[in-house]
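Below is one structure, written out as structure tokens; comments come after it.
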Amino acid sequence: MNHQASLIRRGVGALVCAAVLMVMQALAAGAARAADDSLYRALGGEEGITRISAGLVERAYADERIKHIFQETNPRFLAEQLRKQFCELSGGPCKYDGENMKNSHAKLAINKAHFNALVEDLQAAMDAQGVPFIAQNRLLALLAPMHRDVITR
Ligand code: HEM
């Protein structure tokens, strides 16, 4: 084989390598994207999260332990804000545009027992939608650190 042919073969080899690398990178990026919205999908996607948020609000407004805290708040507004927040947190295609957790809960005098009651209501709302236990815990783990901003008493 002459020198020129060998150079051409090397060039083609390098191009094939680059193409293979690009395909692998694209596959890896696709897999990462799929993994990112796995919680969103486990919660039932848009429909599931809409029902979970509505179910949570319904339970909280009927819950003797905490219903007094919701008296001034429009349930439809709250369910919609929670829907957007849970959707974004779980990797779904939404953007939460509401007030931050510190400001929105500052005047509500929420204590640990109130917080735990709401968590129970959320678990019940997820149970009612057949959300698997592992997915429930993943959402709760994302919400748990917010207790610092929500509990003020
Ligand atoms: C991790 C726990 C919690 C999360 C993620 C959460 C999330 C939210 C969100 C997204 C809003 C709407 C904020 C806005 O756009 O104005 C909100 C408001 C509210 N939350 Fe929470 N919340 C949590 C805990 C609690 C607890 C424990 C209570 C009471 C038991 C509570 C009672 C309320 C009330 C009454 C409002 C409406 C405030 C208003 O009318 O301005 N929240 N919450």
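These figures come from a predicted structure and were not determined experimentally. Counting starts at 1 for both ligands and their atoms, following the listed order.
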Item to check | Tyr40 side chain to Glu46 backbone, donor-acceptor under 3.5 Å | outcome: yes
Checklist outcome for this item: closest protein heavy atom to atom 27 (C) of ligand 1 is Phe115 CA, 3.6 Å
Checklist outcome for this item: Taken in chain and number order and not counting sequence neighbours, the residues that satisfy side-chain hydrogen bond (donor to acceptor under 3.5 Å, both in side chains) with His114 are Asn111
Checklist outcome for this item: Per-atom filter on ligand 1: closer than 4.0 angstrom to a heavy atom of Gly98 are 15 (O)
Item to check | Residue that, paired with His105, satisfies side-chain contact (heavy atoms from CB on, under 4.5 Å) out of Asn100, Val150, Ile69, Thr152 | outcome: Val150
Item to check | Per-atom contacts, ligand 1 versus Phe77 - under 4.0 Å to a heavy atom | outcome: 14 (C), 15 (O), 16 (O)
Next on the checklist: If the threshold is 4.0 Å, N to carboxylate O, is there a salt bridge linking Asp63 and Arg59?
Outcome noted: no
Next on the checklist: Is it the case that over 12 heavy atoms from other parts of the model lie below 6.0 angstrom from the CD atom of Glu99?
Outcome noted: yes
Checklist entry - Side chain, backbone, both or neither: which part of Met146 comes within less than 4.0 Å of ligand 1 when only heavy atoms are counted? => result side chain
Checklist entry - How about atom 21 (Fe) of ligand 1, which protein N, O or S atoms come within less than 2.8 Å? => result His105 NE2
Next on the checklist: Could you walk me through whether Leu143 and Leu89 satisfy the side chain to side chain contact (heavy atoms under 4.5 Å, CB included) test, starting with their C-alpha distance in whole Å, then the side-chain angles of each, then the deciding distance to 0.1 Å, before giving a yes or no?
Outcome noted: CA-CA 9 Å; Leu143 298 175; Leu89 264 181; 3.4 Å; yes
Item to check | side chain to side chain donor-acceptor pair (under 3.5 Å) partners of residues 124-135, not counting sequence neighbours, each pair once | outcome: Arg51-Gln129, Asp127-Gln136
Next on the checklist: Counting non-hydrogen protein atoms only, what is the nearest one to atom 35 (C) of ligand 1? Give residue, atom name and distance.
Outcome noted: Ile69 O, 3.4 Å
Next on the checklist: Check for me whether Gln85 has a heavy atom closer than 4.0 Å to any atom of ligand 1.
Outcome noted: yes
Next on the checklist: If I apply the N/O under 3.5 Å rule, does Gln81 come out as touching ligand 1?
Outcome noted: yes
Item to check | Distance filter under 4.0 Å to Leu143 heavy atoms, resulting ligand 1 atoms | outcome: 1 (C), 5 (C)
Next on the checklist: Any nitrogen or oxygen of Glu99, side chain or backbone, less than 3.5 Å from one on ligand 1?
Outcome noted: yes
Item to check | Closest non-hydrogen atom pair between Ile52 and Val131, with its separation | outcome: CD1-CG2, 3.8 Å
Item to check | For atom 13 (C) of ligand 1, closest protein heavy-atom neighbour | outcome: Tyr96 OH, 3.3 Å
Next on the checklist: I need the full list of salt bridge (charged side-chain N to carboxylate O under 4.0 Å, His left out) pairs touching residues 139-153, with sequence neighbours left out, sorted by first then second residue.
Outcome noted: none
Next on the checklist: With rounding to the nearest 0.5 angstrom, report the SG to CD distance, Cys94 to Gln85.
Outcome noted: 11.5 Å
Next on the checklist: How about CD on Glu88, more than 12 heavy atoms from neighbouring residues, nucleotides or ligands closer than 6.0 Å, or not?
Outcome noted: yes
Checklist entry - Say you draw a straight line from CD of Gln123 to CG of Leu118; how long is it, rounded to the nearest 0.5 Å? => result 10.5 Å
Checklist entry - Can you tell which part of Ile66 has a heavy atom less than 4.0 Å from ligand 1: side chain, backbone, both or neither? => result side chain
Checklist outcome for this item: shortest atom 40 (O) of ligand 1-to-protein heavy-atom contact is with Thr73 OG1, 2.8 Å
